[in-house]
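Read through the structure below, which is laid out as structure tokens, and then see the notes.
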There are 2 protein chains.
Amino acid sequence: MHAETNNETTVHKRIGTINNSVSVDCVIFGFDFTNLNVLLVDRVMYDEHTGVELFSDLTLTGNHIFEEEELDDAATRILYELTGLENIYLEQFYVFGSPKRITRQNDKKWLEANGRDPESRIFTVGYYSLLATDNVTLQWKGRNVRWVPVSEITDLAFDHMDILHKALGALRKKLINEPIGFELLPAKFTLSQLQRLYEVVLGVPLDKRNFRKKISRMNYLIPLDEKQKGVAHKPARLYVFDRHIYEKNRKELLDFAI
Amino acid sequence: MHAETNNETTVHKRIGTINNSVSVDCVIFGFDFTNLNVLLVDRVMYDEHTGVELFSDLTLTGNHIFEEEELDDAATRILYELTGLENIYLEQFYVFGSPKRITRQNDKKWLEANGRDPESRIFTVGYYSLLATDNVTLQWKGRNVRWVPVSEITDLAFDHMDILHKALGALRKKLINEPIGFELLPAKFTLSQLQRLYEVVLGVPLDKRNFRKKISRMNYLIPLDEKQKGVAHKPARLYVFDRHIYEKNRKELLDFAI
DNA sequence: TTGGAAAGTGTAAACAAAACACTAAGCTTT
DNA sequence: AAAGCTTAGTGTTTTGTTTACACTTTCCAA
């Protein structure tokens, strides 16, 4: 799953001109069996003369794109830089392009200090991606990176709170309509973990028996002859998601409910 | 519902610099009780010396945006120019930004003839909008505008086929999950018209009795003491959609089916 | 007055959703 | 070795939803 670091043609090695009107922001979701987390990056700014800290806050992981680069590839590249992983689940969900995106002083200062014009309009294409909370590098462009539970995030730089909220809405909608939860779990997982995932992301409690009844109708969820190990209680059976079966049996849903 | 044409502050009167990296394309859907239609614009190009027609095809309705303009406002503006209507239902659905968007010769020629650099990368934000097939001006920027049934559209300029397909997918998904069909019908409509709408957009036949049973569970669909007039058969009862009731009773759907 | 055309209506069977509580299995502690 | 902790795993009943299916009513036009 890792990039072939000697392959010059990999999408992660783009060079060329940077497009300075459009960028990509990734809302990287991770699940640690307890919380839904988002990968955030520390943004600390120091006075350029005195070295005194001016402010410290958090941002999503965003990036410029190259002129010859597809949007999806730019998002994939960011994910690769952060995680070293390829084939991460990724979904474009919205474009943020208000002329008033950058209004706060801290944001303007930061852009200036990084050689960008804080008055020029930049559109950003929002992607969200899903991974098991794991395998993540702790540095990105010299800045600290960390998982933060979504429920604890109250403030972010730029318009990143808006982006996060929209991403979360898109994720919930997707989770309700497609079996995407598996992207947030390890390959082998228990039904309780899956249930917890739904409960945490959707923010509702679910009945264990009804949940399992529903699950048992999904023939692409395969029970293994294997159990959890090293837990201090009855170990649960492990399951895998069979994408192949899912794609085959996927019938177009037709339920104009609500 | 019409713009106040003397009000200088209306969003439809934007002036200022044009942003030349990002544009907006609108897929304008209309329903005429038989087909799902899209509003298309003729694109005819003539040899600049001889006046001979070089090619003739169709495009979606797209437009530049102004530097100080919100994306949604730009889309609203296009709709207003075309229809004279405000408060049209509108949904951003995807950004198209491939570096390879413009590859065909016709497209390059057209851009050049219109004073634009065919090699410069332009991102376009896709919106779809819904209206009853009605009340539409027949000219836009001196070009002919017409409704074309979606099923008959096989070729469009630029990457507009991609945009159309993506819009159609987004519309179907939305129609299944939210009562949005009313936007494609006149304020008063019959149940048969509503059923036909679902059948046409989703491309499936529906059982009349089951459809009506389902409908009768939706308390925001209000039957009127009024009937169709001037039809050569038993006239149907008219209904209205009550958005207020819908918004009140909207409970977050929770059905991670498929 | 008749014929055409779409409107409008009910029932039974299969399936899905919701509500609800106890036993089983492995690990830890004493 | 036994007791206790913790989570896994399991079934039934009631209620609501989906599906399949055919005939009568009402208006207009000829």
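Just so it is clear: chains get the letters A, B, ... in the order the sequence lines come, proteins before strands, and each one is counted from 1.
- Atom C1' of nucleotide C:dA6 and atom CG of B:Leu194 are separated by 16 Å, given to the nearest angstrom.
- Look at CG on B:Leu238: it is 9 Å from P on C:dG8, rounded to the nearest Å.
- Across the protein-nucleic acid pair, B:Gln195 atom CD and C:dA6 atom P stand 13 Å apart, rounded to whole Å.
- Using a 4.0 Å cut-off between charged side-chain N and carboxylate O, A:Arg143 and A:Asp42 make no salt bridge.
- Among the atoms of the strands shown, base atoms are found under 4.0 Å from some heavy atom of B:Arg212.
- Between B:Glu183 and B:Arg243 there is a salt bridge, since at least one side-chain N of the basic residue sits less than 4.0 Å from a carboxylate O of the acidic one.
- In this structure the side chain of B:Val24 reaches within 4.5 angstrom of the side chain of B:Leu71, judged on heavy atoms.
- Within residues 221-233 of chain A, the residues having any heavy atom closer than 4.0 Å to DNA chain C are, in order of number, A:Val231, A:Ala232, A:His233.
- Using a 4.5 Å heavy-atom threshold, the side chains of B:Phe29 and B:Val38 count as touching.
- For A:Lys214, the side-chain atoms get nearest to C:dA17 when compared with the rest of D:dA8, D:dT19, C:dA17.
- You'll find that the side chain of A:Asn210 is closest to C:dA18, out of D:dC27, C:dA18, C:dG8.
- Residue B:Arg209 has no polar side-chain atom (N or O) positioned under 4.0 Å from OP1 or OP2 of D:dT17.
- The listed nucleotides are C:dA7, D:dC21, C:dA24; the one nearest the side chain of B:Asp207 is D:dC21.
- In terms of phosphate contacts, A:Ser192 brings a side-chain nitrogen or oxygen within less than 4.0 Å of OP1 or OP2 of D:dA8.
- Side-chain contact between A:Asp225 and A:Arg237: present, with at least one pair of heavy atoms (C-beta onward) separated by less than 4.5 Å.
- A straight line from NZ of B:Lys234 to P of D:dT26 spans 6 Å, rounded to a whole angstrom.
- For the pair A:Ile215 CD1 and D:dG9 P, the computed distance is 13 Å after rounding to whole Å.
- The existence of a salt bridge linking A:Glu91 and A:Lys173 is excluded, since no basic side-chain nitrogen approaches an acidic carboxylate oxygen closer than 4.0 Å.
- Side chain B:Lys213 to base C:dT11: a donor-acceptor pair is found below 3.5 Å.
- Separating the CZ atom of A:Phe211 from the C1' atom of C:dA16 is a distance of 16 Å, rounded to the nearest angstrom.
- In summary, the aromatic rings of A:Phe241 and A:Tyr239 are positioned with their centroids too far apart to meet the 6.0 Å limit.
- Between the P atom of C:dA6 and the NZ atom of B:Lys208 lies a distance of 10 Å, rounded to the nearest Å.
- Closest contact between the side chain of B:Arg217 and the listed nucleotides D:dT17, C:dA19, C:dA16 involves D:dT17.
- Rounded to whole Å, the distance from CD1 on B:Ile176 to P on D:dT18 is 14 Å.
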